[in-house]
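Structure first, commentary second.
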Amino acid sequence: MRCKVDYLVIGTGMAGLIYALKVADHGKVCMLSKTNLDDTATSVAQGGIAAVMYSPDNYEKHIKDTVGAGAGLNDENIVRITITESTERIEELIDWGTQFDKEKTGKYALAKEGGHSEHRILHHKDSTGFEIQRALSERVRQHPNIEVFEDYFAIDLITQHHMGMEVSRHNNIVCYGAYALNKASGQVETLLAKTTMIATGGIGNIYQTTTNPAVSSGDGIAMAYRAKAQVEKLEFVQFHPTSLYHPGERPSFLITEALRGAGGILKTKKGELFMHKYDSRESLAPRDIVARAIDNEMKLSGDEHVYLDARHLEKEAMINHFPKIYAKCLSIGIDMTKDMIPVVPAAHYSCGGIKTDADGRTSIQNLYATGEVASTGLHGANRLASNSLLESAVFSHRAALEVVKDIDQIPYEDKLPDWDFEGMKLNE
Ligand code: SIN
């Protein structure tokens with residue numbers, strides 16, 4: 001057995017890190033990364049994190065925008081919880097050392113993105129996720145109760161099934177930890193845990209083009225499904241309208257929606273405006289509408305991309321707010337202050353996933369899920385821009401508060417067999 005802990009956390013993006021930091025004051029934590037601690041979708045998130053910070057914004061407006069973007073298929077109770085807890089969670093991230101951009105007045109500089117009726121996106125230039133990951137990773141690495149196993153690939157959640165018992169979705173299924181492949185030794189090891197949190201992120205890499213890093217390959221959802229956890233709404237896959245058109249590059253480089261929020265305008269390859277035909281909010285409509293509009297224009301014209309035009313925007317402000325995008329475009333010969341940026345939709349976010357309640361509980365006892373892998377009900381059919389990092393902050397916090405309550409009452413299941421693929425009967 002490789003470890004015996006109170007809290008096993010699979011995945012090291014923002015959702016897993018926040019949860020780990022919060023439960024670590026109540027017991028031993030083991031975190032697994034398939035590669036390394038900072039190789040996560042959080043690290044490449046550009047635009048920011050949505051939250052209600054100042055008037056004239058308020059919770060009701062953010063709730064309305066979230067439900068509007070989600071086509072009304074959101075769980076309104078979950079939406080309300082998320083939005084009304086947003087300000088507190090942002091304050092916590094700031095206390096933990098995250099630096100968001102500020103205006104000269106000292107107030108936080110808030111950007112606007114598609115589907116938002118107000119400026120409410122906190123950001124760190126165009127590398128917001130990287131900054132959040134930096135602040136949280138530093139704390140995790142220093143915490144004496146958290147051990148991080150890098151290059152460990154979780155392959156199966158351990159339930160009664162592995163002890164030879166019949167398991168069906170109607171039984172009380174219990175999770176006892178996970179089997180994970182130690183990539184260095186080639187051995188599958190047993191990780192025994194009182195509670196297990198899946199925070200493995202999304203599924204982008206099952207598509208030909210995606211903005212997600214290679215680690216977002218859907219194996220967390222697959223593992224939970226094999227263990228007979230309830231999964232839902234997997235049909236709601238969000239395509240980001242503007243990934244950089246650069247054939248052969250994988251993952252696709254994201255051109256943040258905040259660039260449209262700053263005034264960037266979509267045009268056809270011929271340089272013609274088209275978004276007015278699809279939505280009165282034009283280039284700042286919610287991203288499902290914009291992605292479908294671009295797809296339609298590409299089908300009508302036969303072109304392989306459209307353009308995002310930022311040439312009319314103030315040069316210094318552009319370079320200062322979007323240094324990463326500016327540098328990336330320049331590296332392939334596009335100066336976004338003089339040239340239009342070729343863009344195309346790419347798979348970006350899974351709105352569905354492992355079904356959880358308002359405290360991160362799945363349908364399996366002692367198994368929790370948080371972040372993109374979870375389906376909390378916040379997003380409905382389409383996620384409002386920059387609501388995902390917020391969802392991670394809110395539900396990792398809530399799950400942590402819940403899971404620590406009964407941890408002393410949960411026994412370890414010491415009779416777990418070693419991983420035996422040959423002898424493993426399929427859990428059908
Ligand atoms: C973006 O910066 O456009 C992506 C942010 C998000 O997916 O919410």
Side-chain angles (χ1 to χ4, degrees), residues 13-15 40-51 62 65-66 68-70 82-83 86 90 100-101 109-116 119-133 201-204 207 209-213 216 236-244 251-264 266 281 283-291 294 308 310 318 321-326 328-329 336 341 343-351 353 371-373 376 378-394:
M14 175 183 185
T40 67
T42 299
S43 289
V44 293
Q46 291 184 3
I49 178 163
H62 192 175
D65 293 345
T66 300
T82 312
I83 308 301
S86 63
I90 294 295
F100 294 116
D101 293 344
L110 302 177
K112 193 171 180 185
E113 293 181 354
H116 288 273
H119 285 76
R120 62 167 74 97
I121 319 294
L122 291 121
H123 52 86
H124 179 97
K125 297 195 183 291
D126 54 358
S127 301
T128 311
F130 187 85
E131 169 60 12
I132 294 174
Q133 180 88 24
I203 63 171
Y207 289 86
T209 54
T210 178
T211 59
N212 294 178
S216 303
F236 295 143
V237 175
Q238 176 172 86
F239 280 68
H240 197 290
T242 57
S243 75
L244 181 64
S252 303
F253 183 82
L254 183 71
I255 305 291
T256 178
E257 192 153 327
L259 190 48
R260 275 174 285 133
L266 289 163
R281 289 163 288 185
S283 293
L284 271 180
R287 55 177 69 151
D288 59 325
I289 296 172
V290 181
I294 293 175
L308 182 60
M318 277 306 97
H321 189 160
F322 304 105
K324 194 169 149 191
I325 293 177
Y326 179 69
K328 173 68 189 180
C329 289
M336 67 189 236
I341 308 168
V343 291
V344 68
H348 183 61
Y349 192 84
S350 167
C351 298
E372 187 173 348
V373 77
T376 60
L378 173 65
H379 307 307
N382 169 57
R383 174 174 66 82
L384 183 66
S386 289
N387 262 358
S388 52
L389 297 179
L390 174 62
E391 181 187 40
S392 293
V394 169

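Each ligand, and each atom within it, is numbered from 1 in the order the structure gives.
The distance criterion of under 3.5 Å between nitrogen or oxygen atoms is not met by Gln46 with respect to ligand 1. On a distance-only criterion, Ala258 and ligand 1 share no N/O pair closer than 3.5 Å.
Ranking protein heavy atoms by distance to atom 1 (C) of ligand 1, first place goes to Thr256 OG1, 3.3 Å. Here the protein heavy atom with the shortest distance to atom 4 (C) of ligand 1 is Arg287 NH2, 3.6 Å.
Between Asp65 and Arg120, at least one side-chain nitrogen of the basic residue sits less than 4.0 Å from a carboxylate oxygen of the acidic one, meeting the salt-bridge criterion.
Listed by atom number, the atoms of ligand 1 under 4.0 Å from Ala385 heavy atoms are 8 (O). For ligand 1, the atoms lying closer than 4.0 Å to a non-hydrogen atom of Glu257 are 1 (C), 2 (O), 3 (O). For ligand 1, the atoms closer than 4.0 angstrom to any heavy atom of Ser386 are 6 (C), 8 (O).
Checked against ring-ring contact (aromatic ring centres under 6.0 Å, His included), His124 has no partners two or more places apart in sequence or in another chain. The ring-ring contact (aromatic ring centres under 6.0 Å, His included) search around Phe322 returns none, not counting sequence neighbours.
Under a 4.0 angstrom heavy-atom cut-off, His348 registers as being in contact with ligand 1. In this structure, Ala45 has no heavy atom closer than 4.0 Å to ligand 1.
Atom OH of Tyr326 has more than 12 heavy atoms from other residues, nucleotides or ligands within 6.0 Å.
Side chains of Glu391 and Thr376: a donor-acceptor N/O pair is present below 3.5 angstrom, by distance only.
Heavy-atom minimum distance, Glu257 versus Gly114: OE2-N, 2.6 Å.
Between Tyr207 and Phe239, the ring planes are perpendicular. Angles over 60° get that label, and only those under 30° would be called parallel.
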